[in-house]
There are 2 protein chains.
Amino acid sequence: MVKEKPLHCDMRGMLSFLILFLLSKSAMHGQQLADEMEKRKGIRPSPGTIYPALKELKEAGLILEEKKGKTIVYHLSKGGERELKLAKQQFCRTFVGVFVRGNEG
Amino acid sequence: MVKEKPLHCDMRGMLSFLILFLLSKSAMHGQQLADEMEKRKGIRPSPGTIYPALKELKEAGLILEEKKGKTIVYHLSKGGERELKLAKQQFCRTFVGVFVRGNEG
DNA sequence: CCATATATATCGTATATCCGATATTTGGAG
DNA sequence: CTCCAAATATCGGATATACGATATATATGG
């Protein structure tokens with residue numbers, strides 16, 4: 001079976017989804033992405049987590065690279081924006097009711 | 001390595017998290033759980049997905065069974081309620097900004 | 001009792017996620 | 001150019017998620 005499954009099919013793919021979402025907020029390089037995840041989750045993803053995920057998203061055509069000195073800045077492609085929009089809808093429908101004011105603290 | 005990892009450690013565990021959340025809303029048996037997921041995600045998890053997940057949650061002491069005629073009704077244990085509360089906080093911090101009014105439709 | 005339908009359970013296999021370790025690349029300092 | 005540190009990349013191994021197929025249990029109808 002080839003890899004034609006959309007990002008929003010099942011419970012797997014949450015890492016890719018989160019990366020797309022973060023990149024939609026601001027283009028970043030890998031370590032900045034790890035910084036942001038650490039801030040949110042409290043746990044820093046290791047290089048062995050973040051770079052293979054970025055590689056897959058790149059190969060799927062959802063993100064684009066831009067070399068900036070020592071780093072590689074990633075940003076969403078048009079396809080990535082489309083995919084993120086769909087995935088967000090799916091995510092929000094699936095987790096309706098989990099987000100309640102007061103859970104964030 | 002033994003299984004002492006909390007539910008909210010990384011991106012894996014979203015299925016267990018969703019099951020705990022749904023059961024916290026209402027005690028259900030397996031097929032009702034599948035119904036609810038189908039309503040939310042649009043895709044019905046197969047028996048091979050749902051029952052092993054329930055078994056693990058049961059063995060972890062997070063849910064309790066109650067036989068009701070032909071079915072087995074699951075509900076959260078005290079430990080499951082505690083775990084869900086923590087996992088919800090983690091989830092909400094991680095995905096802050098994804099939930100915006102208008103994404104649900 | 002027997003047949004059926006529904007619910008539950010298990011198995012083999014595949015994919016996504018994840019880490020620790022290690023390797024490679026690259027810009028800047030000397 | 002050489003050295004260093006940071007960023008990126010890859011690898012092996014582990015766990016969670018997922019499906020289709022199959023097996024089992026049980027309430028209900030005949």
Ignoring hydrogens and angles, write down the donor-acceptor pairs under 3.5 Å from the side chains of residues 17-31 of chain B, residues two or more places apart or on other chains.
| unit_1 | atom_1 | unit_2 | atom_2 | d |
| --- | --- | --- | --- | --- |
| B/Ser24 | OG | B/Phe21 | O | 2.6 |
| B/His29 | ND1 | B/Gln32 | OE1 | 3.2 |
| B/Gln31 | OE1 | B/Arg44 | NH2 | 3.0 |
| B/Gln31 | NE2 | B/Tyr51 | OH | 2.9 |

Closest non-hydrogen contact found for A/Ala34 with A/Pro45 is O-CD, 3.9 Å

Whole-Å distance, A/Lys58 NZ to D/dT8 C1', equals 10 Å

Do the side chains of B/Lys85 and B/Glu81 get close enough for a salt bridge, i.e. N-O under 4.0 angstrom?
no

When rounded to whole Å, the CG to P distance for the pair B/Leu15 and C/dA16 reads 16 Å

request  = For side-chain contact (heavy atoms from CB on, under 4.5 Å), just list the numbers for A/Ile63 and A/His75, CA-CA rounded to whole Å, side-chain angles, deciding distance to a tenth of an Å, and then say yes or no.
outcome  = CA-CA 5 Å; A/Ile63 62 176; A/His75 58 97; over 6 Å; no

Practice problem: Establish whether A/Leu64 and A/Ile50 are linked, either directly or via other cluster members, by ILVMFWY side-chain heavy-atom contacts under 4.5 Å. | Solution: no

Whether each nucleotide of nucleotides 23-30 of chain C has a protein heavy atom under 4.0 Å at its base (B), only at its sugar-phosphate (S) or at neither (-) is summarised, 5' to 3', as ---SS---

Do any side-chain atoms of residues 65-74 of chain B form donor-acceptor pairs under 3.5 angstrom with protein atoms, and if so which ones, sequence neighbours left out?
| unit_1 | atom_1 | unit_2 | atom_2 | d |
| --- | --- | --- | --- | --- |
| B/Glu65 | OE2 | B/Lys58 | NZ | 3.0 |
| B/Thr71 | OG1 | B/Lys68 | O | 3.1 |

Whole-Å distance, B/Met37 CE to D/dT17 P, equals 10 Å

Closest to the side chain of B/Ser16, out of D/dA9, D/dT17, D/dC19, is D/dT17

Residues of residues 47-55 of chain B with a heavy atom under 4.0 Å from any atom of DNA chain D, listed by number, are B/Gly48, B/Thr49

Across all chains, not counting sequence neighbours, the salt bridge (charged side-chain N to carboxylate O under 4.0 Å, His left out) partners of B/Lys55 are none

Separation of D/dT26 atom P from B/Ile72 atom CD1, nearest Å, is 9 Å

When rounded to whole Å, the CD to C1' distance for the pair B/Glu38 and D/dC19 reads 15 Å

B/Met28 atom CE is separated from C/dA7 atom P, nearest whole Å, by 14 Å

Between CZ of A/Arg44 and C1' of C/dT17 the distance, given in whole Å, is 18 Å

Assess the pair A/Phe99 and B/Phe95: is the distance between their ring centroids shorter than 6.0 Å? no

So OG1 of B/Thr94 and CE of A/Met14: to nearest 0.5 Å the spacing works out to 9.0 Å

Whole-Å distance, B/Leu20 CG to D/dA16 P, equals 14 Å

